[in-house]
2 protein chains.
Amino acid sequence: MSITERWFHGQLHELSDGECWQLLRSASIGRVAYNDHAGPVVLPVNYAVDGRSVVIRTSASGELASHLPSTVVAFEADETDDFTQSGWSVLVRGSVEKVGPAGPRDPEAQPEPWPAGERSLLLRVTPSQVSGRRLLPA
Amino acid sequence: MSITERWFHGQLHELSDGECWQLLRSASIGRVAYNDHAGPVVLPVNYAVDGRSVVIRTSASGELASHLPSTVVAFEADETDDFTQSGWSVLVRGSVEKVGPAGPRDPEAQPEPWPAGERSLLLRVTPSQVSGRRLLPA
């Protein structure tokens, strides 16, 4: 990709698989979308990347715990800059299951919970599809 | 609410309806969740608040245009601070329809598109439910 092509005004570029995972590793807050009886819901979550999966941490008694395990979800992370009107977003679609007692495969893949209180439930999103886009500055 | 109670370590507080709309007005990038044939999807969008609805702007030929009108969606906006591990998020659930040729009711409710190219489609999310949470600094 040439410099000219790359910095075209506010253009969207599809990210490679490798870029998607690299960007996912650079953030710690994402959003998970799932369905309840009334349709889609999106909630922010703390997460970490564990190999080629996303581990999210939540309360064992909350909304996510009651709707998420053993279903399909979408997980999204992004970073945007209001000033340059640029940024990136990555979308991970897949199934979600509880992380077993052995914990994440990568011992450092421990999502740090921001809210106080019991956040003992780890859920793993195993991707069926990963895609991402970068919006370059105008 | 006393100061002591308010600044308890990393505590989550439900936001009032008025606070939700005030915070929604303070941001310009949100995320919309909808379902396609394979389940939930979440994509970032430019948006503006128009009265008690959210107007999003997108390409007339994109993914959102082909899946969104006349369905139920979830719209989410948030702002987080990695350093203080605090932030807010607002969730708007509701139905989505094309904005008619007269445009938004509030003439200033014009979502500014960041990506270049044709972004002529305005979609309105009319809420059936609005909720939000603030996570106070630890």
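We use all heavy atoms of the structure for the numbers below, so side chains are in, but hydrogens, waters and symmetry mates are not.
The line from CD1 of A:I29 to CD of B:Q85 is 8.0 Å long, rounded to the nearest 0.5 Å. Atom CZ of residue B:R31 and atom CG of residue A:D78 lie 4.0 Å apart, to the nearest 0.5 angstrom. Summarising the geometry, atom CG belonging to A:L12 is positioned 10.0 Å from atom OG belonging to B:S59; distances are rounded to the nearest 0.5 Å.
B:P44 is listed as a side-chain neighbour of A:E76, based on a closest heavy-atom distance under 4.5 Å.
Heavy-atom distances place both the backbone and the side chain of B:D82 under 4.5 Å from chain A. Neither the backbone nor the side chain of B:A27 has a heavy atom closer than 4.5 Å to any heavy atom of chain A. Residue contact with chain A, scored on non-hydrogen atoms closer than 4.5 Å, involves the backbone of B:V73 exclusively. Interface residue B:E112: only side-chain heavy atoms are found under 4.5 Å from chain A.
When hydrophobic side chains of Ile, Leu, Val, Met, Phe, Trp and Tyr are connected at separations under 4.5 Å, B:F83 ends up as a singleton with no cluster partners. Side-chain contacts under 4.5 Å among hydrophobic residues (ILVMFWY), followed directly or transitively, place A:L122 together with A:V55, A:V99.
Residues B:V72 and B:L43 do not share a hydrophobic cluster, clusters being chains of Ile/Leu/Val/Met/Phe/Trp/Tyr side chains in contact below 4.5 Å.
At least one donor-acceptor pair under 3.5 Å links the side chain of A:R93 to the backbone N or O of B:G39.
Residue A:P40 forms a side chain to side chain contact (heavy atoms under 4.5 Å, CB included) with just one option from B:T71, B:V32, B:N35, and that option is B:N35.
Nearest approach of B:V41 to A:L91, heavy atoms of both residues: CG1-CD2, 3.8 Å.
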